[in-house]
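Data first, discussion second: the structure below is written as structure tokens.
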Amino acid sequence: MSIQTVQISLIGFMGAGKTSVGSVLAGKTGRQFTDTDERITAGAGISINEIFARYGEPYFRDLETEQLKKLRKETEPLVISAGGGLPLREENRKLLRQMGPVVFLEASEEELCRRLRGSSSRPMLQGGSLEERIRTLMEQRQEKYEDAATVRICTDGLSVTEVADEIIRITRI
Ligand code: S3P
């Protein structure tokens, strides 16, 4: 029988703080930090914008699933920051839950808007008003995030360190 390593995954909308909280959480818990977007761009040798432009969103989503399957086999304890759209696929939500605690970092639309204004590296936010894009995507995604999550944390008004400490307290890692 193989024993699977427990991994902590952070999910949530773009700008929810997955990368910044994940790095601090990894430092505090002695885990390595990894980010699915970074793994994908390192493997592809081009930016996320370029992947979307050249090959389209479904291709990018396939790369996310591929990375998640690789991460599932990792034996080193990790903190994983999952791209904002990764939990959209049921297969991915299942994989995430099998790997360990899945922390949904929530933030209000106003807060997300503030943090994401001026971001040009996120193809899902291009075109139309930022407020509208965020609202529409959140409507489509909220239930997927809730379905994937084992823990939910509202990050509004909390510092990155406070969020990381709250994750440690709740998950007891
Ligand atoms: C996406 C979120 C991004 C990145 C890609 C698509 C999304 O990651 O994976 O641009 O669909 O929400 P972050 O959540 O780290 O910005």
Side-chain angles (χ1 to χ4, degrees), residues 7-26 31-72 78-93 95-96 99 102-149 151-156 158 160 163-164 167:
Q7 310 293 14
I8 300 205
S9 303
L10 305 185
I11 63 166
F13 206 80
M14 295 163 268
K18 303 177 297 282
T19 305
S20 42
V21 169
S23 310
V24 171
L25 181 63
R31 289 168 171 254
Q32 283 294 316
F33 172 73
T34 193
D35 183 310
T36 58
D37 288 339
E38 267 177 25
R39 296 172 76 99
I40 288 169
T41 51
I46 52 175
S47 71
I48 291 187
N49 272 336
E50 284 172 69
I51 298 174
F52 270 69
R54 280 196 214 170
Y55 308 111
E57 184 182 349
Y59 178 79
F60 175 76
R61 300 297 172 204
D62 287 341
L63 296 181
E64 287 188 314
T65 303
E66 194 182 292
Q67 280 306 325
L68 203 53
K69 286 182 175 163
K70 283 190 188 159
L71 284 167
R72 189 163 170 255
L78 301 168
V79 172
I80 301 166
S81 169
L86 186 142
L88 297 181
R89 281 191 180 174
E90 190 180 356
E91 179 185 13
N92 294 354
R93 298 198 292 278
L95 282 166
L96 284 169
M99 286 159 63
V102 183
V103 182
F104 174 21
L105 297 183
E106 295 191 82
S108 64
E109 283 176 16
E110 296 72 34
E111 181 64 26
L112 291 173
C113 213
R114 207 176 52 77
R115 294 185 197 163
L116 291 168
R117 194 161 299 286
S119 167
S120 58
S121 59
R122 292 176 165 106
M124 296 301 291
L125 295 178
Q126 303 316 308
S129 95
L130 180 62
E131 287 82 355
E132 273 302 312
R133 290 297 296 151
I134 292 176
R135 186 158 312 128
T136 307
L137 288 173
M138 271 303 259
E139 274 168 19
Q140 294 164 358
R141 294 179 172 191
Q142 182 72 19
E143 65 177 311
K144 317 272 187 207
Y145 292 142
E146 289 176 13
D147 178 52
V151 173
R152 287 169 70 167
I153 297 181
C154 182
T155 63
D156 280 5
L158 296 182
V160 166
V163 176
I167 294 172

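Quick caveat, the model's predicted, so the values are computed rather than measured. Start at 1 and go down the list; that is how both ligands and their atoms are numbered.
- Ala26 pairs by the side-chain contact (heavy atoms from CB on, under 4.5 Å) definition with Phe33, Val79, not counting sequence neighbours.
- Checked against salt bridge (charged side-chain N to carboxylate O under 4.0 Å, His left out), Glu139 has no partners two or more places apart in sequence or in another chain.
- Among residue pairs with one or both ends in residues 109-143, none qualify as ring pair (Phe, Tyr, Trp, His ring centres under 6.0 Å); sequence neighbours excluded.
- No salt bridge links Arg61 with Glu91; every basic N to acidic carboxylate O contact stays at or beyond 4.0 Å.
- Under 4.0 Å is where a charged nitrogen must lie from a carboxylate oxygen, and between Arg114 and Glu110 no such pair does.
- Relative ring orientation between Tyr145 and Phe13 is described as perpendicular, the plane-to-plane angle rising above 60° on a 0-90° scale split at 30° and 60°.
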May I have a table of the N/O to N/O pairs between ligand 1 and the protein that fall below 3.5 Å, each row giving the two atom names and the distance to 0.1 Å?
from: ligand 1; atom 1: 8 (O); to: Asp37; atom 2: OD2; distance (Å): 2.7
from: ligand 1; atom 1: 9 (O); to: Asp37; atom 2: OD1; distance (Å): 2.6
from: ligand 1; atom 1: 9 (O); to: Asp37; atom 2: OD2; distance (Å): 3.2
from: ligand 1; atom 1: 11 (O); to: Arg61; atom 2: NH2; distance (Å): 2.7
from: ligand 1; atom 1: 11 (O); to: Arg141; atom 2: NH2; distance (Å): 2.8
from: ligand 1; atom 1: 12 (O); to: Gly85; atom 2: N; distance (Å): 3.2
from: ligand 1; atom 1: 12 (O); to: Arg141; atom 2: NH1; distance (Å): 2.6
from: ligand 1; atom 1: 12 (O); to: Arg141; atom 2: NH2; distance (Å): 3.4
from: ligand 1; atom 1: 14 (O); to: Lys18; atom 2: NZ; distance (Å): 2.7
from: ligand 1; atom 1: 14 (O); to: Gly84; atom 2: N; distance (Å): 2.9
from: ligand 1; atom 1: 15 (O); to: Asp37; atom 2: OD2; distance (Å): 3.2
from: ligand 1; atom 1: 16 (O); to: Arg122; atom 2: NE; distance (Å): 2.7
from: ligand 1; atom 1: 16 (O); to: Arg122; atom 2: NH2; distance (Å): 3.2

